[in-house]
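Worksheet for the structure shown next.
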Amino acid sequence: IWLLGCLANDPERQPEAINRCRKMLAEEPVDDRAVFGAGARQWPIDLSESDRAIEVLVREGSASVHHILALASRRLDSDQAANAAQLIASTKPIFERQQADSLWTLWRSRTLTAAGEFDEALRAIEGYESTPEAIDAYTAVLDARARQTGDWGPLVEHLGRSYEQIGDPLTLFGLCQLKMQQGRWAYVADRAEQLLDDFGTSAVLGLAAQAAFNAHRFESCRNLLAGGQAMFRHGRLPYELRRLLVLALMNLGLFSNAVAEADALVRDQPTAEHLLLLGDVQYS
C-alpha cells in the first residue's frame with residue numbers, strides 16, 4: 001500500500017501505479033485501501049467486483065469499518081449519496097462493536113451532506129463541535145449549503161471562529177479561499193507569509209501572489225513569485241504566474257524587466273495572449 005501510494009504521487013509513473021492497483025484488486029477484491037486509492041484517483045479500474053464483494057461482507061456482518069467506508073465512498077463517487085447515507089445508517093452496530101462511534105458520526109454527517117440533508121447533517125455532529133474532525137464536518141456542511149443558497153456568511157463566521165480556537169492551518173487556508181471569492185484580497189495578502197510557512201506549496205504560492213497583486217501590493221507579488229520558483233517543476237513558474245509577474249513588474253514601473261519577462265513568454269509559448277501582453281508592455 002505504501003508503495004502504491006508513492007507511485008500514485010509520481011506524475012511520471014501513473015501507468016505503473018494503476019497496473020499495481022489493478023493487480024492488487026484482482027488478488028483481493030475487498031482490499032479497502034486499494035479500493036479507496038483507485039476511487040480517489042479516479043483511475044480507469046473496474047471496481048464493480050469489489051463493490052459486490054464488500055456488499056456481501058456487509059450483508060454477512062463480517063465487514064470491517066474500513067470496508068464500509070470504502071463502499072460508502074464508492075457510492076458517493078457514483079452520485080449515490082442517498083444510498084451511501086442509508087449504508088452508514090444501517091451499519092451503526094458494526095461501528096459500535098469496533099469502537100468507532102465518532103467515525104460513524106462523522107461519516108453520517110458527510111453522507112447526509114452529500115444527500116442535501118444539511119440540517120440533519122448538522123444535528124448528527126452536535127456535541128462533537130470542539131474536535132478538529134467535527135470542525136471539518138461542520139465546514140463541509142456549511143460549504144455545501146452555501147453553494148446551494150449563495151449565503152456564505154455562516155461558513156466564513158464558522159471558519160474564523162474555528163481558526164481562533166485551534167489555529168489549524170487548513171482552516172486558515174479555507175478561510176482565505178473564501179475571502180478571495182469575496183474580493184477581500186488584503187485579508188489574504190496579510191496572511192501570505194503565514195500560509196507559505198504552514199504549507200510551502202506551489203498552489204498556496206499562486207494564491208498568495210494573486211491576492212497580493214489584486215490588493216495592489218505589487219512589490220510583495222513580485223517577491224513572492226521570484227522567491228518561489230523552486231516550488232515548481234524544473235524551477236519554472238507556470239505561464240499564468242509568469243503573466244502575473246509581468247503585470248506586477250509593469251505596475252512597479254520596471255519596464256525593462258517586464259519586457260524581458262514578456263519576451264521570454266513569447267519565445268516559450270507564442271500565443272496571441274502572450275504577444276498581446278508583450279505589445280502592452282512595449283507600449284507602456
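Values below: all heavy atoms of this structure, side chains included; hydrogens, waters and symmetry mates excluded. Quantities reported herein were computed from a predicted structural model and do not represent experimental measurements.
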Near [X] [atom1], under 6.0 Å, is it more than 12 heavy atoms from other residues, nucleotides or ligands?
{"X": "Gln42", "atom1": "CD", "value": "no"}
{"X": "Gln86", "atom1": "CD", "value": "no"}
{"X": "Arg20", "atom1": "CZ", "value": "no"}

- Counting distance only, does the side-chain N/O of Asn251 pair as donor-acceptor with the main-chain N or O of Leu247 below 3.5 Å?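 Present.
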
- Item | Test ring-ring contact (aromatic ring centres under 6.0 Å, His included) applied to Phe199 - qualifying residues, sequence neighbours left out |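 Listed in chain order: Phe173.
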
- Task: State, yes or no, whether a side-chain contact exists between Glu193 and Leu224 at a heavy-atom distance under 4.5 Å.
- Result: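 Sidechains of Leu224 and Glu193: in contact.
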
Assess whether a salt bridge exists between [X] and [Y], defined as any Lys/Arg side-chain N lying under 4.0 Å from an Asp/Glu carboxylate O.
{"X": "Asp268", "Y": "Arg236", "answer": "yes"}
{"X": "Arg233", "Y": "Glu12", "answer": "yes"}
{"X": "Arg52", "Y": "Glu49", "answer": "no"}

Mind checking the [atom1]-[atom2] spacing from [X] to [Y]? Nearest 0.5 Å is all I need.
{"X": "Leu3", "Y": "Cys6", "atom1": "CG", "atom2": "SG", "value": "6.5 Å"}
{"X": "Phe255", "Y": "Gln282", "atom1": "CZ", "atom2": "CD", "value": "11.5 Å"}
{"X": "Arg41", "Y": "Asn9", "atom1": "CZ", "atom2": "CG", "value": "4.5 Å"}

- Task: Consider only side-chain N and O atoms of Gln194 and Asp198, and report whether a donor and an acceptor are under 3.5 Å apart.
- Result: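 Yes - a donor-acceptor pair under 3.5 Å links their side chains.
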
- Message: Is a donor from one side chain sitting under 3.5 angstrom from an acceptor on the other, for Thr149 and Asp151?
- Response: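 No, Asp151 and Thr149 have no side-chain donor paired with an acceptor closer than 3.5 Å.
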
- Message: Does the structure place the NZ or CZ of Arg97 under 6.0 Å from the centre of the six-membered ring of Phe95, at an angle of no more than 45° from the ring's axis?
- Response: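 Not satisfied by the 6.0 Å and 45° rule.
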
- Query: Between Trp107 and Val141, is there a shared hydrophobic cluster once you connect ILVMFWY residues whose side-chain heavy atoms come closer than 4.5 Å?
  - Reply: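 No, it is not one cluster - the side chains of Trp107 and Val141 are not joined through contacts under 4.5 Å.
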
- Query: Using the ring of each side chain (for Trp, its six-membered ring), is Tyr239 parallel, tilted or perpendicular to His274, with breaks at 30° and 60°?
  - Reply: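 Because their plane-to-plane angle lies in the 30° to 60° range, the rings of Tyr239 and His274 count as tilted.
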
- Item | Near-ring test His216/Phe218, centroid separation under 6.0 angstrom |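 Yes, the ring centres sit under 6.0 Å apart.
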
